[in-house]
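Positions are given from 1 along the sequence.
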Amino acid sequence: MAELTEWAGAVCAAAVICAVSEMLLPDGSVAKTVKFVLGLFLIVSVMLPLVNMLRSCTFDFKNISVPESSTDIVQKTDNLSMTYGKSIIQKLVNDCLDENGIGYEKTDVIMDSSDGKSIDIIRVCIYISADERNSLAEIQRLVKEKTGITPDVYVR
């Protein structure tokens, strides 16, 4: 608290010095330069104690420990991302098939994040009835155009 009071006193003293100097300053071409210098003086008098205070602080980042539960957070985040991504891809595939009037029984998306760096789409599976067997190539083409993924189509 004493440091803060000392800093406030120094700023007030600098402001008074600048104000008195500016009042005593005659008008003329030198006035702009002197006002600029006084402004710099006031800024430095505000900043210098703060800089000195920051220099005296020490930051020790070596002793920061990460709690064990952070791995749980990463795993939960990966699981949520995979679930969300899976539902988005399934919706895209289902919408594509519905738009083109192709009947399907089920769609499934298989994803993996075991490398810890990325979430990979392993496979998109579409299950169709025997009645839709003739549209197998069409299903693959449409889904590939819509999503960029070539699905595996299985006839049940």
Side-chain angles (χ1 to χ4, degrees), residues 1-16 18 32 35-156:
M1 188 68 175
E3 293 172 349
L4 185 60
T5 307
E6 185 179 317
W7 174 71
V11 170
C12 289
V16 168
C18 287
K32 282 186 176 181
K35 285 182 181 182
F36 177 74
V37 170
L38 289 174
L40 284 177
F41 171 71
L42 188 59
I43 290 172
V44 169
S45 66
V46 169
M47 297 299 290
L48 192 61
L50 293 176
V51 170
N52 289 336
M53 198 167 39
L54 286 176
R55 282 187 186 160
S56 67
C57 294
T58 58
F59 300 103
D60 187 17
F61 294 109
K62 294 177 183 173
N63 295 329
I64 294 176
S65 63
V66 179
E68 293 294 325
S69 63
S70 67
T71 55
D72 293 341
I73 293 170
V74 171
Q75 185 64 34
K76 287 179 183 178
T77 304
D78 283 351
N79 289 342
L80 281 173
S81 298
M82 283 179 48
T83 302
Y84 184 68
K86 187 176 186 178
S87 67
I88 297 255
I89 293 169
Q90 276 184 314
K91 182 165 179 15
L92 282 171
V93 170
N94 292 348
D95 289 349
C96 177
L97 296 174
D98 290 340
E99 287 171 5
N100 292 287
I102 298 172
Y104 59 94
E105 292 181 5
K106 177 181 157 184
T107 59
D108 194 20
V109 178
I110 301 168
M111 301 176 89
D112 180 39
S113 67
S114 62
D115 67 353
K117 297 177 185 174
S118 63
I119 298 173
D120 300 319
I121 301 170
I122 304 299
R123 187 175 22 226
V124 174
C125 303
I126 302 172
Y127 299 93
I128 59 173
S129 65
D131 298 339
E132 296 288 335
R133 181 185 309 262
N134 296 336
S135 58
L136 191 132
E138 180 71 7
I139 292 171
Q140 287 181 324
R141 184 187 66 76
L142 289 170
V143 172
K144 173 78 173 174
E145 284 177 7
K146 181 85 171 189
T147 64
I149 303 166
T150 304
D152 295 336
V153 182
Y154 300 102
V155 179
R156 286 188 164 186

Hey, what do you get for [atom1] ([X]) to [atom2] ([Y]), rounding to the nearest 0.5 Å?
X	Y	atom1	atom2	answer
Lys106	Ile128	NZ	CD1	14.5 Å
Leu97	Glu99	CG	CD	9.5 Å
Ile110	Asp120	CD1	CG	13.0 Å

For [X], what residues pass the side chain to side chain donor-acceptor pair (under 3.5 Å) criterion, not counting sequence neighbours?
X	answer
Lys91	Asp95
Asp108	none
Asn79	Gln75
Arg141	Glu138, Glu145

Result block: side-chain N/O donor-acceptor pairs under 3.5 angstrom for residues 149-156, not counting sequence neighbours:
none

Could you report the tightest heavy-atom contact between [X] and [Y], atom names first, then the distance?
X	Y	result
Met111	Lys86	SD-N, 3.7 Å
Gln90	Thr107	NE2-O, 2.8 Å
Ile102	Ser135	CG2-OG, 4.2 Å

* Taking only residues two or more places apart in sequence or in another chain, which ones pass salt bridge (Lys or Arg N to Asp or Glu O under 4.0 Å) with Arg133? -> none
* Structure fact -> Here the ring-ring contact (aromatic ring centres under 6.0 Å, His included) pairs for residues 74-101, sequence neighbours left out, are none
* Structure fact -> ring-ring contact (aromatic ring centres under 6.0 Å, His included) pairs touching residues 100-122, sequence neighbours excluded, are none
* Asked: Would Cys96 and Asn100 satisfy side-chain contact (heavy atoms from CB on, under 4.5 Å), going step by step from the backbone distance to the final call?
  -> CA-CA 6 Å; Cys96 177; Asn100 292 287; 4.0 Å; yes
List the atom pairs, donor and acceptor, that lie under 3.5 Å between side-chain atoms in residues 35-47 and the rest of the protein, sequence neighbours left out.
| residue | atom | partner | partner atom | Å |
| --- | --- | --- | --- | --- |
| Ser45 | OG | Phe41 | O | 3.3 |
| Ser45 | OG | Leu42 | O | 2.7 |

* Asked: Which one of Ile89, Leu92, Ile88, Val93 satisfies the side chain to side chain contact (heavy atoms under 4.5 Å, CB included) criterion with Val109?
  -> Ile89
